[in-house]
Amino acid sequence: MARSGKAGEPDVERSEGDAAPNPVWFKPIMIGLMIIGLLWVLVFYLSGMQFPIPGIEAWNLVIGFGIAFVGFLMTTRWR
């Protein structure tokens, strides 16, 4: 039988259960979300609970922790 590739190279086999590596954009997005969430919460506390979105008060905490939480969830899929 004819084989593709060079004669001295071993065939690389991946089983069905092996996970493919993450795309290049995965790690920067993951870290970015965690940092953005942290900065959101810091701005909320340092501004005297008025910013980043005035008028929604403590919901700013929910938004900040939610953004950071999505980043932390992404760490479970990082390879």
Side-chain angles (χ1 to χ4, degrees):
M1 293 182 126
R3 291 184 135 180
S4 62
K6 296 182 181 176
E9 294 180 15
D11 292 333
V12 177
E13 294 182 22
R14 257 185 28 195
S15 66
E16 292 292 323
D18 286 349
N22 292 109
V24 176
W25 55 265
F26 192 84
K27 192 162 67 170
I29 296 295
M30 175 184 72
I31 293 170
L33 286 172
M34 290 188 281
I35 291 172
I36 289 170
L38 174 66
L39 290 175
W40 193 289
V41 172
L42 284 175
V43 167
F44 175 69
Y45 277 122
L46 293 177
S47 69
M49 301 181 185
Q50 294 179 356
F51 295 107
I53 301 177
I56 64 170
E57 299 168 4
W59 283 101
N60 278 308
L61 279 179
V62 175
I63 293 170
F65 282 121
I67 293 170
F69 185 68
V70 170
F72 282 113
L73 283 178
M74 288 178 73
T75 62
T76 63
R77 302 298 241 169
W78 181 31
R79 292 178 200 90

Show me the donor-acceptor pairs, under 3.5 Å and distance only, between side chains in residues 47-65 and residues at least two apart or in other chains.
| unit_1 | atom_1 | unit_2 | atom_2 | d |
| --- | --- | --- | --- | --- |
| S47 | OG | V43 | O | 2.8 |
| S47 | OG | F44 | O | 3.3 |
| S47 | OG | Q50 | N | 3.4 |
| S47 | OG | F51 | N | 3.0 |
| N60 | OD1 | W40 | NE1 | 3.4 |
| N60 | OD1 | I53 | N | 3.4 |
| N60 | ND2 | I53 | O | 3.0 |
| N60 | ND2 | E57 | O | 3.2 |

Using residues 23-30 as the side-chain source, report each donor-acceptor pair under 3.5 Å to any protein atom, sequence neighbours left out, with the distance given to one decimal.
none

Would you list the atom pairs, donor with acceptor, under 3.5 Å between side chains in residues 68-79 and any protein atom, with sequence neighbours excluded?
| unit_1 | atom_1 | unit_2 | atom_2 | d |
| --- | --- | --- | --- | --- |
| T75 | OG1 | F72 | O | 2.4 |
| T76 | OG1 | L73 | O | 2.6 |
| R79 | NH1 | A20 | O | 3.3 |

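Criterion: ILVMFWY side-chain heavy atoms under 4.5 Å apart, direct or through other members. Under it, Y45 and L39 are not part of a common hydrophobic cluster.
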